[in-house]
Structures are given as structure tokens and as C-alpha cells.
Number of protein chains: 2
Amino acid sequence: MKPQIAHNSVDCRHVKQLLNRIGGKWTVLIVTRLSRGPMRFSELKRDISEISQKMLTSTLRDLEEDGFVRRAVTPSIPPRVDYELTDLGHDLLGPLDALGAWAVKNKDRVEEARQRYRALQPGR
Amino acid sequence: MKPQIAHNSVDCRHVKQLLNRIGGKWTVLIVTRLSRGPMRFSELKRDISEISQKMLTSTLRDLEEDGFVRRAVTPSIPPRVDYELTDLGHDLLGPLDALGAWAVKNKDRVEEARQRYRALQPGR
DNA sequence: CCGCATCCGAGTCGATACTG
DNA sequence: CAGTATCGACTCGGATGCGG
């Protein structure tokens with residue numbers, strides 16, 4: 001089974017890759033936290049209390065891999081690791097904020113649609 | 001430069017909900033197809049050949065539930081079902097296209113970052 | 001033609017325990 | 001402090017078969 005997309009446009013693949021990243025359960029939460037400035041691992045963990053250590057680590061790794069986040073290790077004892085957005089990460093905030101603003105602005109319309117839908121679908 | 005998304009607030013949930021929707025494997029593909037105009041179920045199925053009937057059905061249901069897509073049944077024989085974007089769905093195209101444009105524009109930077117990352121991580 | 005029901009494998013998420 | 005390792009629960013997506 002190949003992840004090949006029959007959709008001809010090459011660009012489509014990149015769009016989907018990006019969506020897969022930011023569509024992750026924690027990605028946006030982390031990126032928006034970091035938009036305020038560098039944070040330590042434990043700060044992020046404390047700030048997003050519901051996240052598990054594992055998911056925080058792996059999400060940060062993914063973001064680092066794609067060049068949105070920079071990881072800075074200070075080999076002291078105890079060790080210290082800071083994370084911050086790269087230029088690319090900051091650039092991403094633009095469209096991301098736009099989407100976020102849209103979601104906030106239109107949440108009522110979505111909510112209405114959901115209630116209308118449920119009203120018409122007995123059971124389910 | 002400053003985060004426009006209010007963290008720790010109710011808004012955050014709506015943003016996440018939206019991302020969960022459009023982060024789905026097929027959502028964007030379907031929405032972009034429908035942006036050109038109404039389409040029948042079988043047209044969509046044919047156009048996105050790799051999608052399974054199940055996923056097409058369930059994704060359309062999700063989009064309908066959130067008010068992005070309207071479903072019109074013509075009870076003829078054989079039956080006929082058309083799907084089209086609602087006004088809300090069309091509005092969503094704005095931020096969605098912005099994100100898509102960003103992905104296309106910055107694909108090289110992401111690609112570079114990935115290669116740089118891989119070069120520094122032997123094995124893994 | 002449309003799409004629901006069911007089963008199943010693969011990947012994801014998360015709690016817990018352990019290391020430098 | 002900042003992770004890694006492991007294992008189970010859960011969810012997603014695909015295949016197939018049936019029904020209106």
C-alpha cells in the first residue's frame with residue numbers, strides 16, 4: 001500500500017504534509033505557546049498540563065525535524081533544554097493565526113449548524 | 001508578531017476542533033473539489049479514486065454536520081445525491097487557501113530543514 | 001446509485017517505570 | 001531535569017457484503 005496521491009499537482013503533497021503536522025493533537029498548542037518566546041521543556045509541560053511527557057517530546061521532535069522549532073541543550077547538571085520558534089516557525093504563525101481567527105469568528109455558525117444537524121437526525 | 005490566539009480560553013477548543021476536522025486525511029481534498037461547484041457522490045468517488053466509499057461517506061457527513069457542506073437528495077431511480085459547499089464552506093476556503101499557499105511557498109525551506117535534521121541524526 | 005454495517009490490521013495516544 | 005522504553009487502549013482507514 002503506497003501513500004501515493006493520484007491528485008496530479010505536486011503541491012498537493014506538501015499541503016497535506018503540512019496539514020498532517022499542524023493537524024496533530026498538540027502541535028498548535030505548542031507552537032502558540034512558543035510564539036511568546038523560548039521555553040524550557042518543563043515549562044511547556046507545566047503549561048500544557050494535560051499533555052504526556054511522551055507526546056510533548058515527540059511533537060517537539062517533529063516540529064524540530066520540519067524546521068519550525070530549534071532545540072538548545074545546555075549540558076549542565078541538572079540539564080536544561082530550551083525550545084524556541086525558528087524564523088520558519090514564526091512565519092507559520094501567520095496563516096495559523098488566520099485559521100485560528102476564522103475558527104473563533106465563525107464558531108457560532110458552526111455551532112448552529114451542528115445543532116440544526118442533530119435536530120434533523122433522530123438517534124445517531 | 002504577537003499571538004492572536006487566546007490560550008487557556010474557550011476559543012482554543014474551537015480552534016482545535018476545526019483543526020481536527022480539516023486535519024482529516026481527506027477533508028481538504030474534498031473541500032477543494034467542491035469549491036468548483038456541486039458534485040455528485042459518484043463524481044467525487046471517481047475524482048478521488050484512492051478514497052474508499054466509507055471514508056468519502058463519513059468525511060462528507062462530518063462536513064455536513066459542521067455546516068460546511070450541503071447534501072441534496074433526489075429520490076429518483078436510481079437515486080441521486082449532490083453535495084455542495086455552503087456559504088460557511090466557501091468562507092473556509094479563505095484561510096485554507098492561505099495555508100495551502102504558505103505550504104507551497106515554503107516547501108523548500110521545510111525540505112532543507114528535514115535534510116539538515118537527518119544529516120545530524122545518524123541512525124534513529 | 002448511494003451508503004450503512006461489520007470486521008480487521010496498523011498506527012496513535014497515553015500511563016507507568018526507568019536512565020543519565 | 002529531560003528524556004527513553006514498554007505496553008495496553010483506542011481510533012483510523014480499508015475491504016467486503018448487504019439494503020433501499
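A note on names: the letters A, B, ... follow the listed sequences, proteins ahead of strands, and every chain is numbered from 1. Owing to the predicted nature of the structure, the values given are computational and were not obtained by experimental measurement. All values below were derived from every heavy atom in this structure, side-chain atoms included, with hydrogens, water molecules and symmetry-related copies excluded.
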A/T32 side chain reached by B/V15 side chain, heavy atoms, under 4.5 Å: no
Residue B/K54, side-chain heavy atoms: nucleotide from D/dA2, C/dT6, C/dG3 that is nearest: C/dT6
Whole-Å distance separating the CG atom of A/L29 from the P atom of C/dC13: 14 Å
N/O (side chain, B/S76) to phosphate O (OP1/OP2, C/dC1) under 4.0 Å: no
Nucleotide nearest B/Q53 when distance is taken to its side chain, options D/dA2, D/dG13, C/dC2: C/dC2
Separation of C/dG3 P from B/D82 CG (nearest whole Å): 10 Å
Side-chain ion pair, A/R36 and A/D47, N-O less than 4.0 Å: yes
Nucleotide nearest B/W26 when distance is taken to its side chain, options C/dC4, D/dG3, D/dG14: D/dG14
Euclidean distance, atom CD of residue B/E64 to atom P of C/dC2 [Å, nearest integer]: 15 Å
Positive for side chain to side chain donor-acceptor pair (under 3.5 Å) with A/Y83, one of A/R33, A/R71, A/E64: A/R71
d(NZ, B/K45; C1', D/dG13) in whole Å: 13 Å
Residue mapping more 5' on DNA chain C - nearest nucleotide basis, A/S58 or A/P79: A/S58
Test: A/K16 cationic atom under 6.0 Å from B/W26 six-membered ring centre, within 45° of axis: yes
Any B/K25 side-chain N or O less than 4.0 Å from OP1/OP2 of D/dG14: yes
Pair B/D91 + A/R109: basic N to acidic O under 4.0 Å: yes
Below 4.0 Å: OP1/OP2 of D/dG3 and any side-chain N or O of A/R71: yes
Distance, rounded to the nearest Å, where B/N20 contributes CG and D/dT11 contributes C1': 12 Å
Value in whole Å for how far the C1' atom of C/dC13 lies from CD1 of A/I48: 15 Å
Minimum-distance nucleotide (side-chain atoms of B/S42 versus D/dG14, C/dC1, C/dC2): C/dC2
N/O (side chain, A/R40) to phosphate O (OP1/OP2, D/dA2) under 4.0 Å: yes
Residue A/Y83, side-chain heavy atoms: nucleotide from D/dC1, D/dG3, C/dG3 that is nearest: D/dG3
Between C1' of C/dC13 and CD of A/E50, the distance in whole Å: 14 Å
Protein-nucleotide distance (A/I51, atom CD1; D/dG3, atom P), rounded to Å: 13 Å
